[in-house]
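Just so you know, ligand 1 is whichever comes first in the structure, and atom 1 is the first atom listed for that ligand.
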Amino acid sequence: MTAAPATLDRIRRHLVGLRMPRSLEVLEHLLRQLERGEISALEAIDQLLDEELSLREGRRVKAALNMGRLLNIKTLTGFDFSFQPSLDRNRILTLAGLDFIDRHEVVHFLGQPGCGKTHLAIALAVEAVQAGRSVYFTTLAELIGSLAKAEREGTLRERIRFLCRPQLLVVDEIGYLPVVAGGGNLFFQLVNARYERGAMILTSNRGFAEWGEVFGDTVVATALLDRLLHHAIVVRIEGASYRLRRHADLLPDSSAARQVHPPEPQPRRRGRPPKVRNPEVTAVA
Ligand code: ADP
Ligand code: MG
């Protein structure tokens with residue numbers, strides 16, 4: 001089957017007019033396959049549209065990842081579950097079904113540095129973007145910095161409204177850096193605004209009992225945990241650092257074993273742990 005040159009020209013012009021560059025690119029190749037009888041006309045149309053759609057989908061995902069500040073991409077397929085046997089793989093795969101986003105739940109990843117908290121948080125956020133959900137990624141320090149700046153400039157309401165827009169907000173690294181004075185209060189205003197309205201993923205190397213210390217204010221920590229544990233899924237990663245494992249591989253066996261499996265740290269409790277109102281918490285792993 002050979003297409004008339006005039007028809008072919010018109011198809012090319014249509015593809016340009018319709019802004020379908022990828023289809024234009026593959027047109028010749030598909031026509032040759034068609035002429036050789038390797039594919040049917042229906043298959044040719046199907047592939048022409050499929051190529052265009054894949055290109056657009058790829059662009060959409062790339063733009064959404066940039067907008068959501070997901071720049072250092074991690075995936076679930078890139079996560080070695082065998083390295084973290086304490087982690088329930090099926091539970092993570094269920095989270096990747098993204099129902100927690102529709103239910104406006106809060107997922108907490110808790111564990112020592114390097115155990116994969118940020119990796120899993122980003123991987124779930126990437127799944128969400130691919131499924132067409134809006135996502136925004138930030139660290140607690142950046143988030144509080146941006147809220148404090150907005151407050152100074154008299155635009156706190158707008159900033160909170162902006163941070164309420166994404167269906168999933170990831171707040172990474174709670175507990176690594178001390179929260180500046182008044183920071184807990186600003187974070188609380190955001191958490192309160194998103195409460196039961198938008199999903200969050202939080203990562204922390206500190207237990208909930210230590211949040212008073214993290215935020216330098218037990219009253220704010222209690223109010224925060226009250227909201228953040230109400231509809232929550234808590235994933236505790238008990239294993240060792242993946243970063244250290246790589247390093248430990250270079251060490252002699254005896255010291256490597258010590259590096260990979262450090263003793264479980266005892267939770268540090270200073271002062272009274274914050275009380276939590278009726279938490280509906282699903283503990284995982
Ligand atoms: P955390 O946020 O808990 O400190 P990260 O998620 O940043 O740790 O992990 C540290 C590094 O190790 C990252 O590069 C991450 O991709 C990698 N990593 C951690 N756990 C795993 C794992 N189980 N499989 C593959 N890579 C992992
Ligand atoms: Mg991290």
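Under 4.0 Å from ligand 1, the heavy atoms of K74 that appear belong solely to its side chain. Residue-level proximity to ligand 1 for Y242 is carried by the side chain, the only part with a heavy atom below 4.0 angstrom.
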Worked check of ring-ring contact (aromatic ring centres under 6.0 Å, His included) between Y242 and H119: CA-CA 11 Å; Y242 194 83; H119 187 129; 7.9 Å; no
Salt bridge (Lys or Arg N to Asp or Glu O under 4.0 Å) evaluation trace for E158 with R161: CA-CA 5 Å; E158 286 82 350; R161 212 175 298 140; 5.3 Å; no
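The N/O atoms of T118, backbone and side chain alike, include one that comes under 3.5 Å of an N/O atom in ligand 1. Looking at G116 next to ligand 1, an N or O pair under 3.5 Å apart turns up.
Here R19 does not pair with E52 in a salt bridge; the nearest charged N to carboxylate O distance is not below 4.0 Å. Taking the charged nitrogens against the carboxylate oxygens, R22 and E25 do have a contact shorter than 4.0 Å, which makes a salt bridge.
Using a 4.0 Å cut-off to heavy atoms of Y176, the atoms of ligand 1 that qualify are 4 (O). Below 4.0 Å from some heavy atom of G78 lie the following atoms of ligand 1, by number and element: 24 (N), 25 (C). Residue-ligand proximity, P113 to ligand 1, at heavy-atom distances under 4.0 Å covers atoms 4 (O).
For the Mg ion (ligand 2), the N/O/S atoms of T118 include one lying under 2.8 Å.
Taking the six-membered ring where the residue is Trp, F81 and F79 present perpendicular rings, their angle passing 60° and hence far from 30°.
Inter-residue side-chain proximity for H231 and E196 is flagged as met; some heavy-atom pair is nearer than 4.5 Å.
Considering each of A123, G114, C115, A121, the one bringing a non-hydrogen atom nearest atom 4 (O) of ligand 1 is G114.
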What pairs of donor and acceptor atoms, side-chain ones from residues 122-137 against any protein atom, are under 3.5 angstrom apart with sequence neighbours left out?
from : atom 1 : to   : atom 2 : distance (Å)
R133 : NH1    : D102 : OD1    : 2.9
S134 : OG     : Q167 : N      : 3.0
S134 : OG     : Q167 : OE1    : 3.4
Y136 : OH     : R69  : NH1    : 3.4

